[in-house]
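Data block below; observations after.
Every chain is numbered from 1, with letters handed out A, B, ... down the list of sequences.
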4 protein chains.
Amino acid sequence: MSLQREGKFDRILDAAIEAIAESGFHQCQVSKIARLAGVADGTIYLYFKSKEDILIRLFQSRMGEFIASIRNELEHCQTTEARLRTIVRTHFSYMEHNRSLAIVTQLELRQPNLSVRLAINGPLLDYFRLIEEVIQQGIEREEVPKIDVWVARQMIFGSLDEATTDWVLARSPRTLESGIEPMLALFEGALRLRKEYEYNRFTPEEKREEDGNANS
Amino acid sequence: MSLQREGKFDRILDAAIEAIAESGFHQCQVSKIARLAGVADGTIYLYFKSKEDILIRLFQSRMGEFIASIRNELEHCQTTEARLRTIVRTHFSYMEHNRSLAIVTQLELRQPNLSVRLAINGPLLDYFRLIEEVIQQGIEREEVPKIDVWVARQMIFGSLDEATTDWVLARSPRTLESGIEPMLALFEGALRLRKEYEYNRFTPEEKREEDGNANS
Amino acid sequence: MSLQREGKFDRILDAAIEAIAESGFHQCQVSKIARLAGVADGTIYLYFKSKEDILIRLFQSRMGEFIASIRNELEHCQTTEARLRTIVRTHFSYMEHNRSLAIVTQLELRQPNLSVRLAINGPLLDYFRLIEEVIQQGIEREEVPKIDVWVARQMIFGSLDEATTDWVLARSPRTLESGIEPMLALFEGALRLRKEYEYNRFTPEEKREEDGNANS
Amino acid sequence: MSLQREGKFDRILDAAIEAIAESGFHQCQVSKIARLAGVADGTIYLYFKSKEDILIRLFQSRMGEFIASIRNELEHCQTTEARLRTIVRTHFSYMEHNRSLAIVTQLELRQPNLSVRLAINGPLLDYFRLIEEVIQQGIEREEVPKIDVWVARQMIFGSLDEATTDWVLARSPRTLESGIEPMLALFEGALRLRKEYEYNRFTPEEKREEDGNANS
DNA sequence: CATGAATGAGGATTCATTCAT
DNA sequence: TATGAATGAATCCTCATTCAT
């Protein structure tokens, strides 16, 4: 029963992503989502409080997965460089492999609507915190000089977000993933990242390990 | 006559900025803008094609001014560092001194609506081009290594935009202008900016000049 | 379900006839029709595409019934005289017994609006064809000399229509039905109708039969 | 001055006929009429009370001319046949030579609007009276049996009107004037018109005179 | 007389949401 | 749980008319 519930919940969420990506949140009627999900209009309201709630829960659910998967990958990273690389790579490839979701995230979720913004804030602040932790850790590990963590986070998230929006709007014909290395290089410069091998040149085993991660 | 026309055009635009910033574009009735501007509802439509057209022309007009003023200031800059500083400083202080406009720009203009996006694209691409020109010039002047100009622009604009949105949403209690120096430091690192005095250490007079500019 | 649907469709149509006859099509708000029909405003749009569509479907529906009932009565007529009488009598009595509909038909449906005219044309041409068939048949049966069928139809329909409009506008205090016999006499003269008894004076049984029909 | 006044009055009227015929009364903005007439919007209101007043005065003016010209021609007619012929011929050829006016008369003037109808009624009743007089005179001169004058007028006007509307709507490819003779034949039959030569076969001079008129 | 910029009333329609079944 | 027919709130825009010049 609960499984069936979740089945329908996710079916509606998936239908919503496609429908909203296709026609936009306002243009997309609840009845279209219902049709795509194979349920009656009224059934939507057994799982979601409102149309807006679909958008919010959609973001919370997918963004939660996204952050969890980054956190998981970060576990295996030894260096700040590797951590940054993980963030950039995961951000770009996740978006590139979920274009409909990216459209919703980059365009439709930018609703000037207060309640949407507030609800979105939660997962977004989680992501911000994650980025800030990586920077903070870099500072503590002395890979990064004492910089303004808040502003650095703005830079990192803002850059990733802008690149993703550019790609969604097809402002350039490039793939999103082709931006990983150049973006990473900028971040490393911005953070004055001292690479492991630069100061740890006598512990080549660490370096190798890290290289492996970096190239994966 | 034409003067009066322009007077009314701008009065409506100013009224729209306040009204939209206060209640949001969709929630804000045309009659509210008319009331604020001190004209009849119908008069709006002598100057604008539609409610949406107000939003579009608003952005085009104010963003045009903004870009023109940056371009003007850039004329007087001798170094890439000074140019970057001009961009960051002008961006942040313009927004901080026009909070209602910033709200409209950062929140209301992010309409997922296609025709709005298309109309907004023009001035936005102008701004992108301006940033890219600064970077390109830096490369040509060998102040900046050969980097990916497109991605660097994404970083710079994305960072400024995210910082502005953070400030508008009051995600932090900081002023926007307090972010100028830290953000600039990040950009300089990202671009591996070779400062004038580093390689021109024998022409200290230039350095002083540039410093003066930077502190203005 | 479908029965309820039809029930509501007709209730809206009846409400529309009353409301439009009372205040005119343009003056009559959709919400007034909804109120009269006992449904919500939005419900109207489950059954009709637009306010104009109500007017069109109204004519198609009622004019369809009207033509069908004439066609049905014509089946039992043996002579052209009887057929003409059926047309005149049915036209006048139908209108006289449905004054609101007549008002809509004679006044409101004369919208100079193209899409209304086009939609109305269908049933109207049906009626024209019906009249022309009666005349043509009269010619073939040699009750009527070879006249211009098209012009004869114009005369018959034009006369009936004008008389109905006169009555609707109360240009005379007469009842519409009091015009049946005089109008019929004119038509018979116009068509030089050779009455049955004139050339069939030796088959009085036919005459009687036809008289019976004519007076029914 | 008064001449100039009339000049402008008529220019506006002519502009209105073209504009209304082209786009319909409701679709045709006052400013379009003003542009066509070469005057400012406000000037219209120096000559007409309202937009509706244009329509009304237009009909009164042109219909007045039309009726006057028929009355004038009727003066020279000796027989009812000649008079009927004059009415049919003048009606059809006037309309055929003034198509824009015909469009306005047959379509746009059929406004379900009460004040328009009332104002139109005047000239229309004049025309009705004119027709009725011809019939009445026919009865008095014993060219026509004692028939219902009111209904006969309905038939005559209704037929002419319907034929004109058919032509305006291009329901048939025929010219309007090709309907003169067939229509006249129908009217003569309807009125049981005793032609002069039938009962005056001993006064051939009258007959000749009338023939001449009839063929003109 | 002439202008034309300014006025402001007025209503069809959509679609998220409900609730009887 | 699931349905889907019914609900009804909420607003942009047009354009005839005015009146200061």
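- With rounding to whole Å, D:Asp53 atom CG is found 13 Å from F:dT17 atom C1'.
- Taking the side-chain hydrogen bond (donor to acceptor under 3.5 Å, both in side chains) definition, one finds that B:Glu52 meets it with B:Asn113, B:Ser115, sequence neighbours left out.
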All N/O contacts under 3.5 Å from nucleotides 7-9 of chain F to the protein, with atom names and distances to one decimal?
| residue | atom | partner | partner atom | Å |
| --- | --- | --- | --- | --- |
| F:dT7 | OP2 | C:Ala40 | N | 3.0 |
| F:dT7 | OP2 | C:Thr43 | OG1 | 2.2 |
| F:dG8 | N7 | C:Gly42 | N | 3.0 |

**Report entry** Secondary-structure string, 5' to 3', Watson-Crick or G-U under 3.5 Å, | for another-strand partners, for DNA chain F
**Finding:** .||||||||||||||||||||
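- Atom OH in B:Tyr45 sits about 25 Å away from atom P in E:dG4, given to the nearest Å.
- Taking atom CD1 of C:Ile12 as the reference point, atom P of F:dA5 lies 14 Å away to the nearest angstrom.
- Here D:Ile20 contributes atom CD1 and D:His26 contributes atom NE2; the two are 10.5 Å apart, rounded to the nearest 0.5 Å.
- Across C:Ala119 and C:Gln60, no two heavy atoms sit closer than the pair O-NE2, 3.4 Å.
- Side-chain N or O atoms of D:Arg110 include one that pairs as donor or acceptor with a backbone N or O of D:Thr105 at under 3.5 Å.
- Once rounded to the nearest 0.5 Å, the distance linking CD1 of D:Ile120 with CG of D:Leu124 reads 7.5 Å.
- Between the CZ atom of A:Arg35 and the P atom of F:dA5 there is a distance of 14 Å, rounded to whole Å.
- At distances below 3.5 Å, not a single donor-acceptor pair connects side-chain atoms of A:Lys32 with backbone N or O atoms of A:Gln27.
- When the side-chain hydrogen bond (donor to acceptor under 3.5 Å, both in side chains) test is applied to D:Glu18, the partners found at least two apart in sequence or on another chain are D:Ser100.
- The interatomic distance linking A:Phe9 (CZ) with F:dA2 (C1') rounds to 18 Å, in whole Å.
- Whole-Å rounding puts the C:Ile54 CD1 to E:dT13 P distance at 9 Å.
- Every residue meeting the side-chain hydrogen bond (donor to acceptor under 3.5 Å, both in side chains) condition with B:Thr165, not counting sequence neighbours, appears here in chain and number order: B:Gln106.
- Taking atom NZ of B:Lys49 as the reference point, atom C1' of F:dT14 lies 16 Å away to the nearest angstrom.
- In terms of heavy atoms, A:Glu108 sits closest to A:Phe25 at OE1-N, 2.9 Å.
- Checked against E:dC1, E:dA6, F:dA6, the side chain of C:Tyr47 finds its nearest nucleotide in F:dA6.
- Residues from residues 19-30 of chain C that place a heavy atom under 4.0 Å from any atom of DNA chain E, listed by number: C:Cys28, C:Gln29, C:Val30.
- If you find the closest nucleotide of DNA chain E to A:Lys51 and to C:Ser31, the one lying nearer the 5' end belongs to C:Ser31.
- The side-chain heavy atoms of C:Leu13 and C:Arg62, taken from C-beta on, include a pair separated by under 4.5 Å.
- Per the geometry, CZ belonging to D:Phe48 stands 16 Å off C1' belonging to E:dA2, to the nearest Å.
- A donor-acceptor pair is defined here as one N or O able to donate and one able to accept, closer than 3.5 Å; such a pair exists between the side chain of B:Arg99 and the backbone of B:Val168.
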